[in-house]
A.B. asks: 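Dropping a structure here in structure tokens format, bear with me for questions.
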Amino acid sequence: MNIVIVGGVAAGMSTAARLRRLDETATITVVEKSGNVSFANCGLPYHVGGVIEERSALLLQTPDSLRARFDIDVRVRTEAVAIARDARTVRVRDLDSGREEDLPYDSLVLTPGAAPVRPPIPGIERALVLRNVEDTDALVAAVDGARSAVVIGGGFIGVEMTENLLHRGLAVTVVEAMPQLMAPMDPEMIAGVHDALREAGVDLRLSSSVTAIGEDHVELATGERIPADLVVAAVGVRPESALAVDAGLEVAPRGGIVVDEHYRTSDPHIYAAGDAVVKRDALDGEGVLVPLANTANLQGRRIADTIAGRAVEDRPVLGTAIVGVLGHQVAAVGWNEKRLVAAGRAHRFIHTHAASHAGYYPGAESISLKLLIDPQTDAILGAQAVGRDGADKRIDVIATAMRAGLRASDLAELELAYAPQFGSAKDPVNMLGFVAENRATGLEDSIQWHEVADAQAAGETVIDVRTPAEFAAGAIPGAVNIPVDELRVRADEVPAGDLVVHCAVGIRGHVAGRILTASGRRVRNLDGGYRTWSAGMSTRG
């Protein structure tokens with residue numbers, strides 16, 4: 001059996017290695033147009049920044065090591081240029097010699113990945129991108145001697161590049177067309193990261209765009225010129241599907257190759273996986289483009305299983321992702337509030353600000369968590385986490401719960417590892433479950449940060465139950481300060497009418513709400529407390 005794999009990085013090498021373990025007799029050929037295979041894509045920005053010092057550390061396998069271990073014919077700097085489906089051959093070209101040949105296949109696997117988008121800006125040819133080791137070498141060379149850099153795009157790669165350019169001592173400006181960085185996050189969750197970048201000296205230009213790139217600067221839509229010895233384009237990626245299009249395979253409107261549950265394209269002898277293919281969203285079943293390494297590697301493995309005759313099917317994607325920036329962990333899974341609103345899907349959400357481990361043990365850091373829930377079924381629709389420690393494992397737990405079909409209230413029941421230096425007896429994930437349970441059963445009614453002003457305009461009074469010192473340090477305009485521990489004896493000071501109560505993060509607000517509800521008042525607790533309100537309002541300028 002002849003297997004040809006086009007693309008020799010995550011999904012492609014996963015297919016090749018798995019297939020060899022399942023079938024020692026197959027002839028496996030991998031063609032890769034760059035000069036390297038099986039390299040650590042996600043480590044590339046950190047080599048640019050000097051965090052990963054040795055370039056060789058990024059090269060997980062070489063063509064020679066793959067030939068020796070797996071008996072795979074690995075051809076680098078070789079590009080697939082055409083597929084003859086009737087003849088079941090793929091034409092490949094050696095990029096150094098220009099020599100072409102036709103490789104016969106019984107099964108062809110397309111794993112070409114996704115290419116960085118280069119926006120149609122005058123001078124864009126000067127902007128560098130980051131996809132492979134060659135791009136990394138170019139960036140490393142460009143950083144040497146540079147003093148200023150402009151990063152176009154504030155997604156995960158743009159933020160990673162910003163941090164690493166800072167690490168190399170450059171003055172960095174980030175230009176992002178949206179009003180926030182990292183679109184998978186909701187604005188109130190990312191506000192602290194904006195602050196951290198600015199405190200580190202980053203010139204953060206949100207709701208802004210580059211209109212031209214000059215020899216030593218970029219020009220913004222406002223006409224302002226920003227110095228730029230180095231320009232990095234990090235505005236996203238698009239599937240590398242030109243080969244599939246030319247072969248007449250089905251491709252979605254946004255360019256992703258369409259595959260079935262067994263990763264077969266519209267030609268049953270051709271499979272595709274990784275960043276180039278359309279995935280199935282776990283929440284609505286619709287096609288989505290999710291360029292993540294975990295999914296690419298799994299899909300490559302599953303293609304090998306299918307070719308070898310093992311009964312496996314594609315799994316839907318949740319889009320679980322994390323990025324580190326200046327000591328902050330920023331993680332997400334599932335849908336965010338913006339997407340739910342755009343889809344018109346009913347939802348409720350919860351904000352908490354728990355400690356990463358027991359507060360009495362040194363080094364505890366706050367983790368801001370947001371959980372999005374279907375109000376009818378209590379299903380978990382998504383979650384976000386931002387903190388300096390422990391955000392990763394909380395999102396991983398929630399991603400696992402979503403995969404298992406657990407409800408939001410079920411998070412309260414999870415038995416998670418606890419010792420003071422690792423967590424709390426009531427883990428932050430458990431706390432989300434407790435709040436979800438309170439909301440689902442009607443024990444507590446809540447209000448969101450962006451609804452407070454309208455509630456006040458409608459006549460509701462905001463009762464701030466924090467201490468006077470906390471109140472003096474910053475408060476919601478018009479709020480009345482009555483500390484929770486004084487609320488029972490000062491109940492006659494609470495104005496008539498409906499109430500919004502809040503504390504710093506929500507726990508004291510919940511207690512105050514129960515006290516006032518018991519006396520017959522209609523009360524809503526500000527979800528996530530003053531901290532969430534303050535973060536959200538800061539994103540409004």
Side-chain angles (χ1 to χ4, degrees), residues 188 348-355 358-360 364 366-371 373 375 408-409 411-412 424-538:
E188 77 278 15
R348 72 162 61 101
F349 48 94
I350 294 167
H351 294 86
T352 60
H353 303 277
Y360 59 82
S366 176
I367 304 176
S368 296
L369 285 162
K370 181 174 184 177
L371 189 71
I373 306 164
S409 298
L411 298 179
S424 299
K426 292 184 286 190
D427 189 85
V429 173
N430 296 137
M431 293 299 294
L432 288 171
F434 295 146
V435 178
E437 186 179 67
N438 288 342
R439 305 273 172 83
T441 58
L443 185 64
E444 176 184 80
D445 194 5
S446 65
I447 183 172
Q448 296 302 323
W449 65 271
H450 52 77
E451 299 172 329
V452 171
D454 287 343
Q456 289 178 300
E460 295 184 48
T461 301
V462 175
I463 305 295
D464 185 334
V465 299
R466 299 175 299 160
T467 65
E470 289 175 288
F471 183 79
I476 296 174
V480 176
N481 181 219
I482 305 178
V484 64
D485 293 334
E486 302 174 17
L487 189 57
R488 296 180 189 277
V489 297
R490 295 176 59 186
D492 58 344
E493 298 178 32
V494 177
D498 294 340
L499 305 171
V500 172
V501 296
H502 82 85
C503 60
V505 298
I507 297 175
R508 286 174 290 173
H510 173 71
V511 173
R514 295 307 301 156
I515 293 171
L516 293 167
T517 299
S519 65
R521 304 298 296 272
R522 179 178 179 269
V523 183
R524 293 190 287 173
N525 186 17
L526 174 57
D527 183 59
Y530 181 78
R531 185 178 300 179
T532 297
W533 179 88
S534 179
M537 294 302 291
S538 73

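On a predicted model such as this, the values are computed, not experimentally measured, just so you know. The figures here come from the full heavy-atom set of this structure, side chains too, leaving out hydrogens, waters and symmetry mates. Here, residue 1 is the first one in the sequence, and each next residue gets the next number.
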A.B. asks: Which atoms form the tightest heavy-atom contact between Val465 and Ala512, and what is the distance?
C.D. replies: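 Smallest heavy-atom distance, with atoms named: CG1-CB, 3.7 Å.
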A.B. asks: Determine whether Ile350 and Asp527 make a side-chain contact, defined as any pair of heavy atoms from C-beta on separated by less than 4.5 Å.
C.D. replies: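 Yes; the side chains approach each other to less than 4.5 Å.
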A.B. asks: Between Ala355 and Pro428, which heavy-atom pair has the shortest distance, and what is it?
C.D. replies: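 Minimum heavy-atom separation between Ala355 and Pro428: O-CG, 3.5 Å.
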A.B. asks: Are any side-chain N or O atoms of Asn481 and backbone N or O atoms of Asp464, one a donor and one an acceptor, separated by less than 3.5 Å?
C.D. replies: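 A pair under 3.5 Å: yes.
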A.B. asks: Can you measure from CG (Asp454) to CD1 (Ile447) and round to the nearest 0.5 angstrom?
C.D. replies: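 Between atom CG of Asp454 and atom CD1 of Ile447 there are 8.5 Å.
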A.B. asks: Is it true that a side-chain atom of Arg524 and a backbone atom of Asp498 form a donor plus acceptor pair closer than 3.5 Å?
C.D. replies: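 No, Arg524 side chain to Asp498 backbone: no donor-acceptor pair under 3.5 Å.
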A.B. asks: Please answer whether the main-chain N or O of Arg531 pairs with a side-chain N or O of Ser534 as donor and acceptor at a distance below 3.5 Å.
C.D. replies: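 No; judged by distance alone, with no hydrogens or angles, the pair does not exist.
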A.B. asks: Does the side chain of Asn525 pick up a donor-acceptor pair with the side chain of His510 at under 3.5 Å?
C.D. replies: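 Per modelled atom types, Asn525 and His510 side chains form no pair under 3.5 Å.
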A.B. asks: Kindly compute the distance separating OG (Ser409) from CG (Leu432), expressed to the nearest 0.5 Å.
C.D. replies: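 It comes to 11.0 Å.
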A.B. asks: Less than 4.5 Å apart, side chain to side chain, heavy atoms only: is that true for Leu487 and Leu516?
C.D. replies: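 Yes, their side chains come closer than 4.5 Å.
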A.B. asks: For Pro483, is there any backbone N or O sitting under 3.5 Å from a side-chain donor or acceptor partner on Glu486?
C.D. replies: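 Side chain of Glu486 to backbone of Pro483, a donor-acceptor pair under 3.5 Å: no, none is there.
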A.B. asks: For atom CD1 of Ile507, decide whether the heavy atoms of other residues, nucleotides or ligands shown that lie under 6.0 angstrom number more than 12.
C.D. replies: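 At most 12 heavy atoms, drawn from other residues, nucleotides or ligands, come within 6.0 Å of this atom.
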A.B. asks: List the steps and the verdict of side-chain contact (heavy atoms from CB on, under 4.5 Å) for Arg514 and Leu443.
C.D. replies: CA-CA 8 Å; Arg514 295 307 301 156; Leu443 185 64; 3.6 Å; yes
A.B. asks: Considering all heavy atoms of both residues, which atom of Tyr530 and which atom of Gly474 are nearest to each other, and what is their separation?
C.D. replies: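 Answer, listing the atom of Tyr530 first, then Gly474: OH-C, 3.2 Å.
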A.B. asks: Tell me the closest heavy-atom pair linking Leu499 and Glu460, and the distance in Å.
C.D. replies: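 Heavy atoms of Leu499 and Glu460 come nearest at O-OE1, 3.9 Å.
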A.B. asks: Ile476 versus Leu526: any side-chain heavy-atom pair under 4.5 Å?
C.D. replies: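 Side-chain contact under 4.5 Å: yes.
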A.B. asks: For the residue pair Arg439 and Phe349, what are the closest heavy atoms and their distance?
C.D. replies: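 Smallest heavy-atom distance, with atoms named: NH1-O, 3.7 Å.
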A.B. asks: So do the side chains of Glu444 and Thr517 get within less than 4.5 Å of each other, counting heavy atoms only?
C.D. replies: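 When only atoms from C-beta onward are counted, Thr517 and Glu444 do not touch, as no gap falls below 4.5 Å.
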A.B. asks: Is a side-chain donor-acceptor pair under 3.5 Å present for Ser446 with Arg348?
C.D. replies: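 No, no side-chain donor-acceptor pair sits under 3.5 Å.
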A.B. asks: Looking only at heavy atoms, what is the nearest atom pair of Ala425 and Asn430, with distance?
C.D. replies: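 Reported closest heavy-atom pair: O-OD1, 4.3 Å.
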A.B. asks: Does the side chain of Met431 reach to within under 4.5 Å of the side chain of Leu371, using non-hydrogen atoms?
C.D. replies: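 No; the side chains remain at least 4.5 Å from each other.
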A.B. asks: Looking at His353, Gln448, His351, which one forms a side-chain hydrogen bond (donor to acceptor under 3.5 Å, both in side chains) with Thr532?
C.D. replies: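 That would be His353; it is the only one of His353, Gln448, His351 passing the side-chain hydrogen bond (donor to acceptor under 3.5 Å, both in side chains) with Thr532.
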A.B. asks: Between His502 and Trp533, is any pair of side-chain heavy atoms under 4.5 Å apart?
C.D. replies: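 The answer is no; the side chains never approach within 4.5 Å.
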A.B. asks: Between Gln456 and Pro477, is there a donor-acceptor pair closer than 3.5 Å when you use the side chain of the first and the backbone of the second?
C.D. replies: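 Answer holds: yes.
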